[in-house]
K.L.:
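Attaching a single structure in structure tokens format; questions to follow.
We use all heavy atoms of the structure for the numbers below, so side chains are in, but hydrogens, waters and symmetry mates are not. Both ligands and their constituent atoms are indexed starting at 1 by order of listing.
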Amino acid sequence: MSKMDQEPFVKLEGVKKIFKVGDKEFLAVQDVTLDVREGELVSIVGPSGCGKSTILSILSELHPATEGKVQIGNEMSPFTPGKDIGMVFQKALLLKWRTISDNVLLPAEILGLPIKESRERARDLIEMVGLGKFADAFPQQLSGGMQQRASIARALVHDPRLILMDEPFGALDALTRERMNLELLRIWKESRKTILFVTHGIQEAVFLGSQVAVMTSGPARMAAHFDIDLPEPRTLDVKTTEKFGAYTKEIYHLLGMD
Ligand code: ADP
Ligand code: MG
């Protein structure tokens, strides 16, 4: 079966979210339609306040959609958000009194997974994200980029089927961010996870995504989504190509920034 015939793993159709605060209603996002194939890395890009985090909170069932269809997984395998989702946020949110190894282990502990296997898995993941020498270190001994690597390992430890990343590299300096982009692509390939990656960085969205969804604000909605057809594996010099430029130009246009 080719990639395109595959049933989407995540399907959003006409999704709308209204937040009720007291007797007031806020339309957070509307017109969200997106298919994510299993194993795909999809970027969601848009300005602050356009509803990117809201989409992730709908998928993690923190805030269910007000309207529209949300489907994750398929009928053969019921989906349980706590177990099947791994989250990475802008802040690494590591517990400072736990070692990196014990931080990575935390979701497995919370879910009550077998501890010996989970420890082995945590060790392998710490190795995979390039922190092998820091397993027994404490968070404050690590740089921002290294802490974010640890939080990616933590998101993978319970072997979730879907990873949601909410501006994970937004607090990093520009060079560390580029390095982390490359690292994320490597980790994605190695772990074969389905990843939804939220960012307000247009270049970052195009560089990482096999598909990009563009959100606009005022009113907050998903304006477009399209496949990114760039050579794999992606290297930083792809950013200097004409095709890369054309994709970023299209997004600037959709955001009304041209
Ligand atoms: P983004 O992540 O793209 O910056 P958000 O999804 O956080 O945007 O927010 C989209 C809109 O929804 C914003 O106007 C925000 O104020 C509103 N919003 C988000 N979460 C809540 C909430 N829990 N209650 C009320 N309004 C919310
Ligand atoms: Mg947000």
K.L.:
Who gets closest to atom 12 (O) of ligand 1 by heavy atom: Ser48, Ser217, Ala28, Cys50?
P.N.:
Ala28
K.L.:
Given Gly51, Ala220, Ser57, which has its nearest heavy atom closest to atom 8 (O) of ligand 1?
P.N.:
Gly51
K.L.:
With heavy atoms of Val21 as the reference, note each atom of ligand 1 found under 4.0 Å away.
P.N.:
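So the atoms of ligand 1 that pass are 25 (C).
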K.L.:
Do you see a donor-acceptor pair shorter than 3.5 Å between the side chains of Glu204 and Asn181?
P.N.:
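Yes, because at least one side-chain N or O of Glu204 sits under 3.5 Å from a partner of the opposite role on Asn181.
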K.L.:
Tell me whether ligand 1 is touched by Gly46 - counting only heavy atoms on the residue side and a distance under 4.0 Å.
P.N.:
no
K.L.:
Identify the residue among Thr235, Thr241, Thr240 that makes a side chain to side chain donor-acceptor pair (under 3.5 Å) with Asp237.
P.N.:
Thr235
K.L.:
Quick check on contacts: which atoms of ligand 1 are under 4.0 angstrom from a heavy atom of Thr54?
P.N.:
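Here the atoms of ligand 1 in question are 5 (P), 6 (O), 9 (O), 10 (C).
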K.L.:
Which one of Lys17, Lys52, Lys24, His200 has a non-hydrogen atom at the shortest distance from atom 3 (O) of ligand 1?
P.N.:
Lys52
K.L.:
Nearest to atom 27 (C) of ligand 1, what protein heavy atom do you find, and at what distance?
P.N.:
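Checked against all protein heavy atoms, atom 27 (C) of ligand 1 sits closest to Phe19 CD1, 3.3 Å.
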K.L.:
Tell me whether atom 10 (C) of ligand 1 lies less than 4.0 Å from at least one protein heavy-atom position.
P.N.:
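So atom 10 (C) of ligand 1 has protein heavy-atom neighbours under 4.0 Å.
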K.L.:
Share the residues that join Leu95 in a hydrophobic cluster, the rule being Ile, Leu, Val, Met, Phe, Trp or Tyr side chains under 4.5 Å apart at the heavy-atom level.
P.N.:
Trp97, Leu106, Ile110
K.L.:
Taking the six-membered ring of Tyr247, is the NZ or CZ of Lys249 close enough (under 6.0 Å from the centre) and on axis enough (within 45°)?
P.N.:
no
K.L.:
Which residue holds the protein heavy atom closest to atom 13 (C) of ligand 1, what is that atom called, and what is the gap in Å?
P.N.:
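Sorting protein heavy atoms by distance from atom 13 (C) of ligand 1 puts Gly49 O, 3.9 Å first.
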K.L.:
With a 4.0 Å cut-off on N to O distance, would you call Glu127 and Arg123 a salt bridge?
P.N.:
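Arg123 and Glu127: not salt-bridged.
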K.L.:
May I ask whether Leu254 and Ile55 are part of the same hydrophobic cluster, defined by side-chain heavy atoms of I, L, V, M, F, W, Y residues being less than 4.5 angstrom apart, directly or through others?
P.N.:
no
K.L.:
With the Mg ion (ligand 2) as the centre, enumerate protein N/O/S atoms below 2.8 Å in chain and residue order.
P.N.:
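Hits for the Mg ion (ligand 2) below 2.8 Å: Ser53 OG.
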K.L.:
Applying the salt bridge (charged side-chain N to carboxylate O under 4.0 Å, His left out) criterion to Glu25, which one of Lys20, Lys16, Lys17 satisfies it?
P.N.:
Lys20
K.L.:
Please report the interatomic distance CG(Leu208) to CE(Met180), rounded to the nearest 0.5 Å.
P.N.:
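Leu208 atom CG to Met180 atom CE measures 11.0 Å (nearest 0.5 Å).
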K.L.:
Take atom 24 (N) of ligand 1 and look for protein heavy atoms under 4.0 Å from it; say yes if you find one, no if not.
P.N.:
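Yes, at least one protein heavy atom sits under 4.0 Å from atom 24 (N) of ligand 1.
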K.L.:
Would Lys239 and Phe207 count as a cation-pi pair here, with the cationic atom under 6.0 angstrom from the ring centre and within 45° of the axis?
P.N.:
yes
K.L.:
Could you walk me through whether Thr176 and Asp173 satisfy the side-chain hydrogen bond (donor to acceptor under 3.5 Å, both in side chains) test, starting with their C-alpha distance in whole Å, then the side-chain angles of each, then the deciding distance to 0.1 Å, before giving a yes or no?
P.N.:
CA-CA 5 Å; Thr176 308; Asp173 66 85; 2.6 Å; yes
K.L.:
Quick one: do Glu109 and Arg98 make a salt bridge, cutoff under 4.0 Å?
P.N.:
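Looking at Arg98 together with Glu109, the answer is yes, because their closest N to O distance falls below 4.0 Å.
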K.L.:
Could you find the nearest protein heavy atom to atom 7 (O) of ligand 1 and give me its residue, atom name and distance?
P.N.:
Ser53 CB, 3.7 Å
